[in-house]
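Note that this is a predicted model, so its numbers are computed, not measured. Reckoned from all heavy atoms, side chains included, excluding hydrogens, waters and symmetry mates.
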Amino acid sequence: MRKLMLGLAVAGVAFAGAAYAQDKNYTIGVSIPAADHGWTSGVVFHAERIAKKLMAEHPGLNVIVKTSPDAATQANAVQDLDTQGIDALVILPSDPDPLVNAIKEVKGKGKFVALVDRAPSNNDNSVRDLYVAGNNPALGEVAGKYIAEKTPDAEVVIIRGLPIPIDQQRQDGFDKGIAGSKVKVLDRQYGNWNRDDAFKVMQDYLTKYQKIDVVWCQDDDMAVGVLQAIEQAKRTDIKYVVAGAGSKDMVKKVMDGDKLIPVDVLYPPAMVGTAMELTAAALYDQVPVHGNYILDATLVTKDNAKDFYFPDSPF
């Protein structure tokens, strides 16, 4: 009987502790880029969706989502969130290195910091508690290996993203993927992860090179501009385009057997939601969520595309 009573007492304390944790008031600040293109619109969508979900699950939780168009504005947004008394910060930096000081200021006050997607040059425990990201090197490597295997003698043009660390990681991964093959890279230019800029870069490539076999661009949004440029130029030499992110439009093209988009590489904007969920777990459940959480860079093909097609998503 004594053991039973002791067990009930322990269970009662555990239940009370759980109830107390649920009753505690916490504030999570979420700082993300503005929806200036498809992928970031997906980030905003999922951040707002998960914020509502978490506040419904935890009555004492307040989640504040702030969007910013550039690094300077985002640094001010982080400082503003800090003054509002946040207990944790989830941040997807527009450009990580210029935001390091603002992030460290929050972390230096003992607040939990989850960094998403874009890591600074020194991505260590002095900057964040948790790092959630897609696999940037693998995104490039998966694309490179696919091209090397499908068209081993291909002449390729590349449209890069922005001159920030994750762009270089993707580029290094691509170079690793084609290493040892006869794939020849004709040119590499930045498209700024923007469909209009990618359209202009692709127009330049089409004028400059009379024969192009394959285009690799790091982002599905840029692929929209690339396809428009190819269509307008009526070029038939280009065998296909490989992009990345897993947007619903590109996944649908893969599903439908589109000749120019035979595959895509996943890099889901929903990762911000993963970081928010883990941050809430750290606050309420005291579970060990420190460290790195890296998502797979899955190759989307006609065989598996239906598993990654979400028609109601904005991206």
Side-chain angles (χ1 to χ4, degrees), residues 33-44 69 92 94-95 117-118 134-144 146-147 154-175 177-178 185-209 212-233 235 238-254 258-269 271 297 299-300 308 313-315:
D36 57 359
H37 76 300
W39 194 83
T40 50
S41 71
V43 170
V44 173
L92 196 163
S94 53
D95 189 356
D117 182 42
R118 303 173 187 177
N135 195 327
N136 285 293
L139 184 145
E141 187 174 355
V142 167
Y146 176 82
I147 294 169
E155 294 187 327
V156 180
V157 292
I158 293 173
I159 303 182
R160 303 180 62 163
L162 288 165
I164 62 176
I166 67 169
D167 169 87
Q168 190 60 54
Q169 291 169 13
R170 294 178 181 187
Q171 185 61 62
D172 291 345
F174 182 84
D175 291 341
I178 64 171
V185 176
L186 298 174
D187 212 334
R188 312 170 193 252
Q189 292 184 34
Y190 290 103
N192 305 316
W193 291 323
N194 179 281
R195 66 179 61 185
D196 293 333
D197 291 348
F199 174 80
K200 293 172 184 175
V201 172
M202 193 63 208
Q203 280 188 319
D204 179 59
Y205 284 161
L206 292 169
T207 301
K208 191 174 179 180
Y209 302 103
I212 297 171
D213 293 310
V214 179
V215 182
W216 177 55
C217 55
Q218 293 186 5
D219 176 87
D220 285 348
D221 230 39
M222 293 197 300
V224 174
V226 168
L227 294 173
Q228 289 175 341
I230 293 171
E231 182 181 3
Q232 284 189 15
R235 288 281 289 267
I238 297 164
K239 295 179 173 64
Y240 59 92
V241 177
V242 180
S247 73
K248 66 180 182 182
D249 291 340
M250 291 301 154
V251 172
K252 185 66 164 62
K253 287 180 181 294
V254 174
D258 189 295
K259 175 179 174 290
L260 281 176
I261 304 290
V263 296
D264 197 48
V265 185
L266 281 188
Y267 198 85
M271 68 177 72
L299 183 69
V300 180
F308 307 107
S313 169
F315 175 70

Rounded to the nearest 0.5 angstrom, the CD-CD distance for Q171 and Q218 is 6.5 Å

Would you call R235 and I212 a side-chain contact if the rule is heavy atoms closer than 4.5 Å? yes

Could you walk me through whether V142 and V263 satisfy the side chain to side chain contact (heavy atoms under 4.5 Å, CB included) test, starting with their C-alpha distance in whole Å, then the side-chain angles of each, then the deciding distance to 0.1 Å, before giving a yes or no? CA-CA 11 Å; V142 167; V263 296; over 6 Å; no

May I ask you to test the I166-Q169 pair for a side-chain heavy-atom distance under 4.5 Å? yes

Expected output: side-chain D221 to main-chain G38 donor-acceptor under 3.5 Å: yes

Roughly how far apart are R118 CZ and N136 CG, rounded to 0.5 Å? 9.5 Å

Where is the tightest heavy-atom contact between S41 and A35, given as atom of each residue plus distance? CA-CB, 3.6 Å

Distance-minimising heavy-atom pair for V241 and P262: O-CD, 4.0 Å

If we ignore hydrogens and angles and just use 3.5 Å, is the side chain of D264 paired with the main-chain N or O of V251 as donor and acceptor? no

Can you give me the closest heavy-atom contact between A243 and D219, atom names plus distance? CB-O, 3.7 Å

Do the rings of Y146 and Y240 sit parallel, tilted or perpendicular, given the 30° and 60° boundaries? perpendicular

Are the side chains of R160 and R170 in touch, meaning some heavy atoms are under 4.5 Å apart? no

Taking atom CG of D220 and atom CD1 of I261, what is their separation to the nearest 0.5 Å? 8.0 Å

Please determine whether side chain to side chain contact (heavy atoms under 4.5 Å, CB included) holds for the pair I238 and Y205, giving the CA-CA distance in whole Å, both sets of side-chain angles, and the decisive distance to 0.1 Å. CA-CA 12 Å; I238 297 164; Y205 284 161; over 6 Å; no

Contact check, side chains of Q203 and Q232, non-hydrogen atoms, under 4.5 Å: yes

Nearest 0.5 Å please: distance from the OH atom of Y267 over to the CG atom of N135. 8.5 Å

How long is the straight-line distance from SG of C217 back to CD of Q189, given to the nearest 0.5 Å? 13.5 Å

Are P33 and L92 side-chain neighbours, meaning at least one heavy-atom pair lies under 4.5 Å? yes

With side chain to side chain contact (heavy atoms under 4.5 Å, CB included) as the criterion, how do M250 and V254 come out once you've worked through the C-alpha distance, each side chain's angles and the decisive distance to 0.1 Å? CA-CA 6 Å; M250 291 301 154; V254 174; 5.7 Å; no

Distance in Å, D175 CG paired with R188 CZ, rounded so as to fall on 0.5 Å steps: 4.5 Å

Looking at side-chain heavy atoms only, is the closest gap between E231 and L260 below 4.5 Å? no

Quick one, V43 and F315 - any side-chain contact, counting heavy atoms below 4.5 Å? no

Compare every heavy atom of A245 with every heavy atom of W39, then report the nearest pair and how far apart it is. CD1-CB, 3.8 Å

Would you say that L162 contacts D167 through its side chain, given a criterion of any heavy-atom pair below 4.5 Å between the two side chains? no

